[in-house]
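A short worksheet on the structure shown next.
The analysis underlying the following values was restricted to heavy atoms, covering all of them including side chains, and did not include hydrogens, waters or symmetry mates. Here the structure is a predicted model, which means the values were calculated and not measured. Just so we're on the same page: letters track the sequence lines, and every chain starts at 1.
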There are 2 protein chains.
Amino acid sequence: MNLYQFELFCQIAKVRSFTKAAKLMHLTQPAISAQVQAMENFYGTKLFERSATGVKLTPAGELVYKYAQHFLAEHEKLEREIDNLLGTNAQTIVIGASTTIGNFALPCNVWSFKEKFPEANIRIEVDNSQKVIALVLDGKVDFGLAEGPEFTNPDLEIKKVGESQVVVITSPELPQAQQNSITIEELKKLPLILREPGSSVREVFFEAIKKTGIPASELNIVLELGSFQGVLEAVKKGHGVSISCLEAVKKEYHRKELHYLTLKDMELTMPFLLVYRKDRTFSPLAKRFLRFIIGPAALEFC
Amino acid sequence: MNLYQFELFCQIAKVRSFTKAAKLMHLTQPAISAQVQAMENFYGTKLFERSATGVKLTPAGELVYKYAQHFLAEHEKLEREIDNLLGTNAQTIVIGASTTIGNFALPCNVWSFKEKFPEANIRIEVDNSQKVIALVLDGKVDFGLAEGPEFTNPDLEIKKVGESQVVVITSPELPQAQQNSITIEELKKLPLILREPGSSVREVFFEAIKKTGIPASELNIVLELGSFQGVLEAVKKGHGVSISCLEAVKKEYHRKELHYLTLKDMELTMPFLLVYRKDRTFSPLAKRFLRFIIGPAALEFC
DNA sequence: TAAACTTACGTTGTGCGTAAAAATC
DNA sequence: GATTTTTACGCACAACGTAAGTTTA
């Protein structure tokens, strides 16, 4: 039995569903099934009653739940005590983060990390993905959180820690805002506003375009801006359409300041990558943050 | 982090040595090193100070030790509560055990199991290894604990859970009792008393003899007895020498009622095998006992 | 029939043992 | 130099994802 299993178990018990727990823990549903089966086999009894509407704890499951919560809480206490002993919680972590992550995903993660480690000192350097990778390679930051596309580098360890859907954003005033999706042929005709080269959304988008066989030169790029906010404002005003992570524009969408369209016949998602030098030795606090980012509370928008 | 690692950790902390802990946990020493390194990496700090005389807990290690003990104790409590809930601790387990195991190794294991599960009802059927296998195949017992030699059977799951050295036993009065080892050539000349066919010590011994190229017919077998106690008495009285598990005659050796010799140029050990039908479904209590037998407290003489 | 869980299977990573090396008394 | 821990490497098993199957409201 391991603490990870207890963590899964608590999550399942809380949301009363394997499927939902799988999503929250960034696993597939069968993986959850397998872990629960392993636990049930270990304790020699069913822990959940399954049904088509979800799952429910058995009496034995209730017991395991009680103890599992206790174990997780106590183990956090142990980690905190070790930190106090070593004084590691007063250390500094320097993170390089790309625009979307730095603005929309990382802050809330940092926030909940700070709740656990109030004395931790975290500095985030926000730049586009290419620059973040450079910061990591130069050792200027402990590690980087960049958006895809995925790549390899012999000096770097690269792990996917999340992803986001990529969509076309338009002003709600444009005729296209009546639709929910758009073909590339239609998009080609629209004025396109993009971030600067080095921006990941741009890279991912261009890569996907290339796969369709359409030359990038056929796109009607009317403006390139070195700032996400700038692009957003330009699109809001109807100067053109752009490409963005869905989660980065959700707020504007709900405020009806923007509309978004999915690209037809294209699976356009953007992976979030954790990147660090293979030869780097991390401070205890940095290791904690890594576990925190990689672990069950993986990078997510909030 | 998992409970098994905490168990290893506590054992190491208790005996203050990786090497000793490895032996107690039936692992190799590098396996212990690796687990400790994994834990140290996880917590981001050294947990043991290493030296050529053993290891010592660091302050952080002391903390982990405190919590580890707590976790293990609490988890046992959880298991007991589940048992009480299901009433499984009042069930019966039927074990088939071969002579040596049934007489010398199993009783103490059963005893410490009973301490954890006082209401458990355990029945042990003692016979020679061949008969034990038959009992398992017939479903007459939940599982069997037999001595080697190792074998395979498509219907059976077979796991090694311990082993013992096999030695030649003699009366302390015989001239051979001055030596600590004996060659096969010397042994051939001595009157040999053996257990009946089907006894494992006999099988292991014959297999080893066969490997030397010496025909078994050259052995001077003067008596075959269907009882371990009978063989022991005959040897004590100097009627001949015999073959036995070292641990089974330790008591007599210390009382100077018997002497034992290792066989020269032969690595003669006898594995202890846990055997059960692959298609068998176990009661929760039986699963507990299996975990108990296979786990860290593996089958050992006492 | 749609949503939920299970089974089957191929791939990847972790844990262990063996063997050889390094460190310490 | 003997004892203890570490490193290197090959193998086996466990965990996960994909895809297909089964159950139930």
Expressed as a whole number of angstroms, how long is the span from [X]:[atom1] to [N]:[atom2]?
| X | N | atom1 | atom2 | answer |
| --- | --- | --- | --- | --- |
| A:M1 | D:dA15 | CE | P | 10 Å |
| A:E157 | C:dG13 | CD | C1' | 12 Å |
| B:K20 | D:dT3 | NZ | P | 13 Å |
| B:Q29 | D:dT7 | CD | P | 11 Å |
| A:L8 | D:dC16 | CG | C1' | 12 Å |
| B:N41 | C:dT14 | CG | C1' | 14 Å |
| B:K159 | D:dA12 | NZ | P | 16 Å |
| B:H26 | C:dC16 | NE2 | P | 14 Å |

For A:I32, report the nucleic acid contact type (base, sugar-phosphate, nothing); a contact means any heavy atom under 4.0 Å.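 Nothing, no heavy atom under 4.0 Å.
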Applying a 4.0 Å non-hydrogen cut-off, can you work out what A:S33 is touching in the nucleic acid: base, sugar-phosphate, or nothing?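 The answer is base, as A:S33 lies within the cut-off (heavy atoms under 4.0 Å) of a base atom.
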Value rounded to 0.5 Å, distance of CZ in B:F6 from CE in B:M39: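 That separation rounds to 5.5 Å.
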Sub-3.5 Å donor-acceptor pair from the side chain of A:R277 to the main-chain atoms of A:D142, do we have one?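 Judged by distance alone, no pair lies under 3.5 Å.
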Closest to the B:T53 side chain, choosing from D:dG17, C:dT6, C:dC25: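 Nearest to the side-chain atoms of B:T53, counting from C-beta on, is C:dC25.
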Would you call the rings of A:H75 and B:Y43 parallel, tilted or perpendicular, taking 30° and 60° as the class edges?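 Plane angle between 30° and 60°, so tilted.
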Is there a side-chain polar atom (N or O) of [X] under 4.0 Å from OP1 or OP2 of [N]?
| X | N | result |
| --- | --- | --- |
| B:Q35 | C:dC16 | yes |
| B:S51 | C:dT24 | no |
| A:Y4 | D:dC16 | yes |
| A:Q37 | C:dC5 | no |
| A:R50 | C:dT6 | yes |
| B:T28 | C:dC16 | no |

Which sits closer to the 5' end of DNA chain C, A:P30 or B:Q5, going by the nucleotide each is nearest to?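 It is A:P30 whose nearest nucleotide is closer to the 5' end.
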Pairing of B:E62 and B:K56 as salt bridge, 4.0 angstrom limit: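 No, this pair does not count.
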Ion pair check, A:K287 and B:E40, cut-off under 4.0 Å: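 So A:K287 does not pair with B:E40 through a salt bridge.
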5′-ward residue of the pair A:A31/A:A52 relative to DNA chain D: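 By nearest-heavy-atom nucleotide position, the 5'-most residue is A:A31.
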